[in-house]
Amino acid sequence: MTAADTSVRPTAAANWRALGTSVRLVMTDPALLDSCNLLLARQLAEVDAACSRFRDDSELVALDSAGGRPVRVSPLLAEALAVALRAAAATDGAVDPTVGSAMNAIGYDRDFRLVQEDGRPVKLTVRPVPGWRLIRLDRATGTVTVPAGVRLDLGATAKAWAADKAAATLARAAGCGVLVSLGGDTAVAGEPPAGGWRIRVQDVTGPVDETPPPGPYATVGLRGGGLATSGTTARAWRSGPHALHHILDPNTGLPTDSPWRTVSVAAITCADANAASTAALIKGTGAERWLSGLGLPARLVARDGTVVTTPGWPTTGTPQFSPPPPLPIPVPDSGAPLPNPRSSNAGGAKDSDAGGAEDCAARAGISARPAFEDKGGSGGAAPRVGTGRGGGGEESPAADTTETGP
């Protein structure tokens with residue numbers, strides 16, 4: 001990794017909502033913020049039209065009525081599906097896009113704000129999801145085949161992939177440093193500010209100019225790639241006597257009973273980071289060993305607030321770490337069988353279908369800020385620039401600071 005540029009770069013930020021979540025765009029060239037924000041809005045509108053589970057007119061919902069026939073889809077949806085299938089392969093099926101019906105069954109069948117307001121009782125039934133290997137994606141013909149009765153949900157991968165894609169596109173167009181955070185899933189591209197993009201990792205996402213809630217947190221510097229936090233506390237609601245959340249275990253079709261409340265991961269792309277952080281919650285007690293085996297820097301917060309980190313996560317006296325490898329297993333076309341993730345090289349083969357990975361030339365790098373913080377309390381973990389589904393807060397309302405959380 002080259003030496004960090006110590007020159008001072010001004011930054012500017014825009015905050016709004018799309019895809020049912022918060023959007024934060026930060027750039028090192030303030031003059032280009034408005035035009036790039038318009039471009040970002042257009043890109044996210046296209047992603048929503050292709051991938052939304054809550055829009056009757058989306059391409060994804062149209063697959064529900066295909067009756068198991070091959071359907072020609074847009075290149076955008078094909079890319080999003082490839083990312084989802086790759087995540088499933090790389091996580092041994094822990095992150096599975098065939099959870100759509102299971103999500104509906106627990107009541108998460110519309111925008112999360114409406115789910116929270118409803119609270120209608122649901123009947124919880126243990127039923128494994130159909131499984132990602134049933135999905136056939138043929139990139140050569142631009143078609144996808146989904147068995148009749150199987151509903152897809154790209155919520156575990158689409159936002160992070162969209163952040164990767166947008167950050168790379170805007171950095172190329174603007175020729176400056178760009179950070180895109182979608183609900184805490186954060187991707188960066190281009191030349192970063194001096195010291196990297198400041199990201200606060202904690203349990204619950206909040207505005208960056210507000211004091212974070214009490215609890216342990218970590219502030220790190222991200223110079224490339226992505227950072228994501230997944231958790232069971234942010235998108236949570238009650239349905240009758242049941243406490244529910246949005247991280248489903250494909251083996252049961254029910255919210256995972258994880259010993260971790262949040263997991264934050266840095267990776268070569270935000271899509272990889274998000275897949276790994278979500279899978280870690282589902283893998284439970286084996287998550288730390290699994291993440292360490294992949295060489296991914298991670299921060300895991302147990303239910304009681306205990307913080308555990310894997311090798312490479314920045315700590316006091318560790319200014320930076322080597323770029324983590326990509327997740328293994330690229331997704332082949334035509335629904336061909338995938339190799340066994342457990343027998344693959346942890347460094348991973350090159351990934352031609354990794355949903356924008358070819359657009360994200362920067363490899364991930366996290367460096368500790370001059371004072372890397374991990375304060376005690378009952379809080380959690382989440383980056384300040386926006387990586388994950390929850391968490392945030394910043395020491396000062398600086399534009400180059402973002403938050404990440406579940």
Side-chain angles (χ1 to χ4, degrees), residues 91 95 156 159-160 163 179 181-188 196-206 208 212-213 215-223 225-235 247 258-284 287-288 290-292 294-303 305-315 318 321 324 327 364-369 372-375 377 379-394 401-406:
T91 61
V95 178
K159 288 188 184 72
L179 176 149
S181 172
L182 302 179
D185 291 345
T186 299
V188 300
W197 299 98
R198 290 180 297 160
I199 300 181
R200 185 165 195 132
V201 186
Q202 63 185 45
D203 273 353
V204 181
T205 299
V208 297
Y217 64 83
T219 303
V220 297
L222 184 67
R223 304 193 62 83
L227 181 61
T229 297
S230 298
T232 61
T233 58
R235 292 201 174 217
I247 306 293
S258 180
W260 313 108
R261 68 189 190 201
T262 55
V263 178
S264 301
V265 177
I268 191 171
T269 65
C270 186
D272 274 9
N274 188 49
S277 63
T278 302
L281 287 172
I282 296 167
K283 289 178 181 294
E288 181 185 357
W290 180 72
L291 291 166
S292 297
L294 291 174
L296 294 175
R299 186 175 188 271
L300 303 90
V301 181
R303 290 177 178 177
T306 301
V307 176
V308 176
T309 60
T310 63
W313 186 267
T315 57
T318 306
F321 58 74
L327 286 176
I366 284 187
S367 60
R369 293 187 61 195
F372 177 78
E373 299 173 289
D374 194 347
K375 298 186 175 180
R384 237 340 200 157
V385 177
T387 80
R389 284 152 298 287
E394 77 181 343
T401 301
T402 300
E403 59 195 352
T404 179

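Hydrogens, waters and symmetry mates play no part in the numbers below; they use all other heavy atoms, side chains included.
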side-chain hydrogen bond (donor to acceptor under 3.5 Å, both in side chains) partners of Ser292, counting only residues at least two apart:
none

Taking Val95's backbone N and O only, do any of them form a donor-acceptor pair with Thr91's side chain (distance below 3.5 Å, no angle check)?
yes

For Ser258, does its backbone N or O pair with a side-chain atom of Arg303 as donor and acceptor, under 3.5 Å?
yes

Side chain to side chain contact (heavy atoms under 4.5 Å, CB included) between Thr310 and Leu300, intermediate numbers included
CA-CA 8 Å; Thr310 63; Leu300 303 90; 4.2 Å; yes

Residues two or more places apart in sequence or in another chain: which of them pass side chain to side chain contact (heavy atoms under 4.5 Å, CB included) with Ala280?
Val263, Ala287, Leu291

Please give me the minimum heavy-atom distance between Ala279 and Trp290, naming the atom from each residue.
CB-CH2, 3.8 Å

Any side-chain to backbone donor/acceptor pair from Asp185 onto Ala271? Under 3.5 Å, distance only.
no

Would you compute the distance between atom CG of Asn274 and atom OG1 of Thr278 and round it to the nearest 0.5 angstrom?
4.5 Å

Got Val188 and Arg223 here, is their nearest side-chain heavy-atom distance under 4.5 Å?
no

Within the side chain of Trp260, is there an N or O that forms a donor-acceptor pair under 3.5 Å with the backbone of Gly284?
yes

Ignoring hydrogens and geometry, is there a side-chain-to-backbone donor-acceptor pair from Thr229 to Thr262 under 3.5 Å?
no

